[in-house]
Structures are given as structure tokens and as C-alpha cells.
Amino acid sequence: MLRNVVIVGGGTAGWMTATYLKEAFGDRLSVTLVESARVPTIGVGEATFSTVRHFFDYLGLAEHEWMPACHASYKLAIRFENWREPGHVFYHPFERLPKVQGFTMADWWLKLGGERFDKDCLVIPALCDAMRSPRYPDGELFERALHDGGDRPRRSTLSDQSTQFPYAYHFDASLLAEFLADLGTSRGIRRVRDDVLEVRQDERGWISHVVTREHGDITGDLFIDCTGFRGLLINQVMKEPFESYQDYLPNNRAVALRVPIDVVENGMRPCTTATAMDSGWIWTIPLSNRIGTGYVYAEDFCAPEDAERTLREFVGPAAAEVEANHIKMRIGRNRNSWVRNCVAIGLSSGFVEPLESTGIFFIQYGVEQLVKHFPDENWQPELTAGYNRAIARCLDGVRDFLVVHYRCAARADTPYWKATKERPVPAGLEERLEAWSVRLPDETSIYPYYHGFEAYSYNVMLLGLGGHLPQRSLPALDYLDDTEARAQLARVREQASALVDALPSQQEYLASVASGR
Ligand code: FAD
């Protein structure tokens, strides 16, 4: 057995990895985390993916224990604004599509028509519009049926895709890292606040120790690189090549603002908003004390000062005194995220732009897979290869899903948006797009490996984006009785309106959580 793991980097990736490994292996593994006080964390990364719930459950953390400390709020969906045309809105919720007679409601909706696909077929969009909490005042989840088996804490070490938890969270990522650091040290993780000056390798090229400024040499068996975009261990020392996704996803910069708001006056939408702009898109993330916002753009189409001006105009006077954080993004992944005794997790492993909030999801998946593939002193190459395959497939799958967002958005009104229709797409995607122009995606026609997104997400995006829809509904449906499908549409309307009436607003509910209810 290996005894010592050394993690370099104390951002979200470092502390999620450290606490998860400690929870999984307890005292059988010693975990040391070295973090620099001089090198700042990235300072963004506030919206998450619904599997994050499993992470908190795994650590045994209830919402009232960590949410108020991290100014967290609920995220039931992403609200897409202006992706089809100015003024157009649709939601991508954490909600699977119901099926009728073996066909999803997306297939039926194409046949039966309606006002807006997402609101006609799913209940979460109405909750987002009405700024509702996903929980009743007594803490009960709004739709237990959406989460088979209730919302009991689970101890699965793997994202469990058999259930779709109906929400994720927004939180202040720096506060979460701090929270996890306190938790981790109380559970036995050794925290070293120091700079790693050098990384030393033995004659085979394996890392033997890191040299710190004030704490001397720190030795270990396995070294985890959580140093962010710089990839100090994996790229600079192990020389693993980084494969860029830039040809497919050109957004390579962002400018971010932390904007104070009065949530009582403004309310809190329980969703992330992604607003399409001339050369990219702007995220709006409501926390319980402020809004996180940022413009993600491609520098080939927009200069940083123009991006900042656009973002400030978008936010308005509330941002006047707020300092902007300009960020260069490294888009792509390492050829391998695990090389010899070095594993990269977080931005050092790979990143796609934050459009579907997958950065923290990649961290969680990375550490879950590491637990599954954890080595002993034999370092079986199959374990390393299996890990690298899973991580590469997950990132490549999300890359493809994001390419679909741009390629299938009806918008083509600026040079940036025109280019999204002309750019090549990754291998295999053109064929899938062709198939989807006749038949909406299902599990047999989407990217075939686990990447977090299921066929329902592809359906919701295609029907919302509006630029790549089947010419007509499925011929098979003409042979079927549509009574039950019509009844299902009516049921969604009734359920949505009853929930909007019964649920408290998100800000009311979070206030009661913060007061320790
Ligand atoms: P960092 O936060 O960069 O941390 C690096 C750590 O390494 C720091 O602690 C630093 O001190 C340490 N370090 C570096 N060098 C040394 C050294 N020599 N010695 C010791 N320590 C060292 N993800 C989401 O899930 N949702 C989002 O909405 C989202 N939005 C994003 C928006 C943008 C614009 C960007 C760029 C990313 C976004 N992400 C998002 C991704 C998310 O921010 C990251 O996945 C997450 O913060 C993890 O970052 P990290 O810990 O890998 O790196």
C-alpha cells in the first residue's frame, strides 16, 4: 500500500481532493497539502453541476452546515438568454424528460407543438421564473419523485447517474476552499502554507519530493498537482503535453466582477444565467450576499478593455466601484492526467469554458476516479491507463456538448456568431448532428462515454437553441394515440403552478437555513 499523498495547491481542486481522499481512506493514508500564500487561487468558479450533491453527502455535510458559510444558493437550471435571438429565453434544468409510450416528451412536443418546449415539458423552468426554493419550509424536497429513494445522504464514491438530483449550488469558491481546509485539518490532513520552489525526480523520472521555502523537503508516494492552469508538476516537471481545444472552442479569456446586491430587494433566481453577447456570453450567478458575473469571450473577436466595458454596461451602476479580474483560460486537457506518480486534478488537468459549470464537476470526477483506480506499490499500468481514459473521455464529451451549444444556436448575427457555424467540429460530432436533424438525440446517438450529460440535456439544448432541429416529428408517433402525451403536458402545467404556489422564495428559505432552522 502507498502511505503518503502530497497535494500541491490549495484552491477548490486541492481541498476537494484532500477531503475526499481522507474520507475514502481515513488513517490508512496520510494526506499533506501544500499551498502558497503568494500565488492566488483563480477566484472564480461559483456554479456547479448536480452531482456535487454527492460530494457533500460523501463528506457527511448537511446543507445548513456549509451553505451559509459559503454564501451558497440553489441552482436548478441554467437560463439561456439571447442564444436564439435577442429576447429569447429558455432553461436547461436538472430534470429528466418524462416518457410516454417509450418516447420522450421532446419527441411528443415536436409533434404536438406548444408555446415553449422547456416550460411545456418540465416543471423547473416555472420555479426559476418565480424564484422559488427547491425545498418547502420544512426542508422537504419539492419533488421527491425526481430523486428516487428520497434525499437521504448517500455514501457512493461515484457520481450516481441512476438518479438525477434536481439541483446543484452556487457558492463562493474561495470560502468553500477555506471551509474544506478547516474541515480537512480537523480530520487529520496536514496543511502546509508554503511555496513549492522545486520538484525533484529520481533517476526514473518519478517525483521523489517537493522542496518548499520554509518547510524543507516534503516526500510522498503519490503527488497530486492542483496548481491550476500553471500545471507545475504535470506539465512543467513531468513534461506531459497539453492538448488544446481552441480550434473547436475559441473562448480563451474572461473578465469577472463580484457585485454587491440587496437580495431582499432583488430576489434570487435559483439558476445561473448565461446571456449571449456579441463575442461570447456573460454569466450571472446569484449568491446570498452578491452576484458573481463575468464575460467569457474569444480574444480574436474582442479586446479585454472592450469586454470589461461591455460587462460593466451589462451590470450597471452596481459594478462602478468593483475591481475587474481579467483571466486567461487554458482550454483543453493533458494528453494524460496521470503520469508515473503524478496525477493532475482541477485546472491543471483540463478545462473547458464555464458554460455548463463543469470545472468543479471535473474535480469531483477526477478524485472519484482516483479512488476507484488507486494504486499500490506495484503501480499497475492498467489502473493508470483506465484513469486516463475515463478523464480524457469525460472532458472530450463535455467539449463536444459545448460545441453543440454554439453550432446549434440560431444566432449568426456578428462575426463571432457567424464563425460558430463555420468552424470544424470534433471527430464524430458531424455525424451525430446529421442524425439529430432527423431524430432527436437519445442515449444511442450522443457522445458514447460518461461525461455527465445525458440525452435529455442534448434535447433541451437543441430545442432551446433552435438552430438545428429535426425537419418534422417522428413518423412513429403518427401510429400512436397521443391522448397520454397531451395529458402529460397538462399535468406539467398543473404541477408547475401548484409548486409555484406552495414553495417559499429561495431567499426566504435560505434565510431560514442561515438562522439555523
Ligand atoms: P487555482 O484556483 O488556480 O488554485 C491553484 C492553487 O495552487 C492555489 O492554492 C495556489 O496557491 C497553488 N499554487 C500554485 N503554485 C504553487 C506553488 N509553487 N507552491 C504552492 N502552491 C502553489 N468551475 C465551475 O465548476 N463552475 C463555474 O462556474 C466556473 N467558472 C469559471 C470561470 C472561469 C473564468 C474560469 C477560468 C474557471 C471557472 N471554473 C468554474 C473552474 C473553477 O474555477 C476551477 O475548476 C476551480 O476553481 C479549481 O481551480 P484549481 O484549484 O484547479 O486552481
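Model, not experiment: these values are computed from the prediction. Both ligands and their constituent atoms are indexed starting at 1 by order of listing.
In this structure, Trp15 falls outside the shell of residues with a heavy atom less than 4.0 angstrom from ligand 1. Distances from ligand 1 to the non-hydrogen atoms of Val44 include at least one value under 4.0 Å. Residue contacts with ligand 1 include Asp194, since one or more of its heavy atoms lies under 4.0 Å from the ligand. For the pair Phe362 and ligand 1, no heavy-atom separation below 4.0 Å is found. Close to ligand 1: Cys226, with a non-hydrogen atom less than 4.0 angstrom away.
Inclusion of Gly43 in the set of residues having an N or O under 3.5 Å from an N or O of ligand 1 is not warranted. Residue Ala47 places at least one N or O, backbone or side chain, under 3.5 Å from an N or O of ligand 1. Ligand 1 has an N or O atom lying under 3.5 Å from an N or O atom of Gly10, backbone or side chain. Annotation: Met329 places no N or O atom under 3.5 Å from an N or O atom of ligand 1; distance criterion only. Checked against a 3.5 angstrom limit, the closest N/O atoms of Val39 and ligand 1 fall inside it. In terms of N/O distances under 3.5 Å, ligand 1 is approached by Ser36.
Of all the heavy atoms of Phe49, none lies under 4.0 Å from any atom of ligand 1, so neither backbone nor side chain is involved.
No side-chain donor-acceptor contact under 3.5 Å links Lys22 to the backbone of Val31. The backbone N or O of Arg411 lies less than 3.5 Å from no partner atom in the side chain of Lys418, so there is not a single donor-acceptor pair. With hydrogens and angles ignored, the 3.5 Å screen pairs a side-chain donor or acceptor of Asp202 with a backbone N or O of Trp206. No donor-acceptor pair under 3.5 Å is formed between the side chain of Asn336 and the backbone N or O of Trp338. Side-chain atoms of Arg340 come within 3.5 Å of backbone atoms of Gly205 as a donor-acceptor pair (strictly under, hydrogens ignored). The backbone N or O of Asp278 lies less than 3.5 Å from a partner atom in the side chain of Thr414, making a donor-acceptor pair.
Interatomic distance, Met461 CE to Asp118 CG, rounded to the nearest 0.5 Å: 10.5 Å.
Judged purely by distance below 3.5 Å, without hydrogens or angles, the side chains of Asn334 and Glu240 never pair a donor atom with an acceptor atom.
A salt bridge is defined here as a Lys NZ or Arg NE, NH1 or NH2 lying under 4.0 Å from an Asp or Glu carboxylate O, and Glu63 with Arg53 meets this definition.
Of all atoms in ligand 1, listed by their number and element, those nearer than 4.0 Å to a heavy atom of Ala13 are 48 (C), 50 (P), 51 (O), 52 (O). For ligand 1, the atoms closer than 4.0 angstrom to any heavy atom of Glu46 are 27 (C), 28 (O). For ligand 1, the atoms lying closer than 4.0 Å to a non-hydrogen atom of Gly346 are 52 (O). For ligand 1, the atoms closer than 4.0 angstrom to any heavy atom of Ser357 are 25 (O), 26 (N). Applying the 4.0 Å criterion to heavy atoms of Leu232 picks out, from ligand 1, the atoms 18 (N). Listed by number with element, the atoms of ligand 1 under 4.0 angstrom from any heavy atom of Ala254 are 34 (C). Residue-ligand proximity, Ile363 to ligand 1, at heavy-atom distances under 4.0 Å covers atoms 45 (O), 48 (C). If you number the atoms of ligand 1 from 1 as listed, the ones under 4.0 Å from a heavy atom of Thr12 come out as 46 (C), 47 (O), 48 (C), 51 (O).
If you check which protein heavy atom lies closest to atom 14 (C) of ligand 1, you get Arg230 NH1, 3.5 Å. Closest to atom 32 (C) of ligand 1 among all protein heavy atoms lies Pro354 CG, 3.4 Å. Shortest contact from atom 3 (O) of ligand 1 to any protein heavy atom: Ile42 N, 3.5 Å.
Taking the centre of each ring, Tyr450 and Tyr365 come in below the 6.0 Å mark. Between Phe56 and Tyr169, the ring centre distance stays below 6.0 Å.
For the pair Arg330 and Phe242, the cation-pi criterion (under 6.0 Å, within 45° of the ring axis) is fulfilled. Because its NZ or CZ atom is both nearer than 6.0 Å to the ring centre of Tyr245 and within 45° of the ring axis, Arg399 counts as a cation-pi partner of that residue.
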